[in-house]
Amino acid sequence: MKNECIDCACVMKSSSTLKNCQLEMLENNHAVVKFRKGDSIIKQGVFSTNVIFLRKGLVKIHITGPYREQIVRLIKAPTYLGLPTTLGDKINQYSVTAVLDSEVCFIDIEVFKRVLEENRDFSSYIIMELSKSELEAYRRCANRTQKQTRGKLADVLLDFSDTIFNSDEFVLPVSQSDIGNWVDAGRESINRVLSEFATDGLIEMTGRNVKIRDKKLLKMISQNG
DNA sequence: ACATTAACCCACA
DNA sequence: TGTGGGTTAATGT
């Protein structure tokens with residue numbers, strides 16, 4: 001068989017525990033697809049029979065609420081996508097859109113389930129991931145309702161810096177109105193607070209280029225709301 | 001909400 | 001292949 005899946009992060013962190021026949025099963029039932037930024041990877045409301053593994057890139061998960069589009073989270077490779085929506089319901093409960101150019105691997109749900117059944121380590125790894133993700137969602141939920149915009153925006157900037165880009169200097173991958181939809185604020189508040197941060201010397205901003213100048217203070221703002 | 005700017009597409013040379 | 005114009009989305013106030 002090709003060794004695409006062995007090197008592929010599809011089986012990341014569990015490759016050692018997957019038996020050859022299981023790898024082969026994945027190998028014969030997957031498809032690698034590239035997406036340009038802005039492309040839709042999963043559409044809310046559509047029937048789905050695939051689990052998706054994000055190999056490269058950055059995506060946003062979002063749902064259309066009663067009033068507007070709500071961005072739930074940004075998530076970078078490598079990670080599984082669409083587990084809750086594919087295992088929990090036949091119809092996708094949310095959308096996933098590429099924020100940067102991305103590469104994903106589609107895996108048939110039945111094959112995925114079979115590997116889950118056959119491989120304990122793999123299943124517990126998946127449960128761990130889902131649990132972490134749920135805890136993260138709870139934390140964000142509390143933050144979103146209780147923090148003020150400056151605190152939430154500080155969170156976002158720190159998230160970009162520490163988790164997503166691992167750098168104090170980065171290019172905002174999403175528009176300001178997207179950030180607004182994400183942290184539950186209007187785009188003009190985002191804009192206002194961003195320039196406020198800039199004049200206060202917390203960050204430097206040219207267009208979408210951001211350089212973090214005072215991370216300690218930013219963390220303070222993040223903690224104190 | 002309005003003014004300005006940047007990005008994009010398309011026709012045309 | 002490059003340029004002008006027109007349109008739309010993003011941004012700043």
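Chain letters run A, B, ... following the sequence lines, proteins first and then strands; every chain starts at 1.
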Nearest-angstrom distance from the residue atom CG of A:Leu194 to C1' of C:dA10: 13 Å

Do any side-chain atoms of residues 217-225 of chain A form donor-acceptor pairs under 3.5 angstrom with protein atoms, and if so which ones, sequence neighbours left out?
unit_1, atom_1, unit_2, atom_2, d
A:Ser222, OG, A:Asp155, OD1, 2.5
A:Asn224, ND2, A:Met220, O, 3.3

Between C:dG12 (P) and A:Arg192 (CZ): distance, integer Å: 14 Å

Whether A:Phe106 and A:Phe35 hold their rings parallel, tilted or perpendicular, with breakpoints at 30° and 60°: tilted

Non-neighbouring partners of A:Arg36 that pass salt bridge (Lys or Arg N to Asp or Glu O under 4.0 Å), sequence neighbours left out: none

Test salt bridge (Lys or Arg N to Asp or Glu O under 4.0 Å) applied to A:Asp200 - qualifying residues, sequence neighbours left out: none

Nucleotides 1-8 of chain B: protein proximity per nucleotide (B base, S sugar-phosphate only, - neither; heavy atom, under 4.0 Å): BB------

Parallel, tilted or perpendicular: ring planes of A:Phe165 versus A:Phe160, cut at 30 and 60 degrees: tilted

A:Gln176 side-chain N/O to C:dA9 phosphate OP1/OP2 under 4.0 Å: no

Residues A:Lys132, A:Glu136: salt bridge by 4.0 Å N-O rule: no

Phosphate OP1/OP2 of C:dG12 contacted by A:Asn191 side-chain N/O (<4.0 Å): yes

DNA chain C contacts made by residues 167-175 of chain A, counting heavy atoms under 4.0 Å: A:Ser175

d(CD, A:Glu196; C1', C:dG12) in whole Å: 15 Å

Residues which pass salt bridge (Lys or Arg N to Asp or Glu O under 4.0 Å) with A:Asp184, listed by chain and number, not counting sequence neighbours: A:Arg68

A:Phe53 vs A:Phe112, side-chain contact (heavy atoms from CB on, under 4.5 Å): CA-CA, chis, key distance, verdict: CA-CA 11 Å; A:Phe53 189 83; A:Phe112 187 81; over 6 Å; no

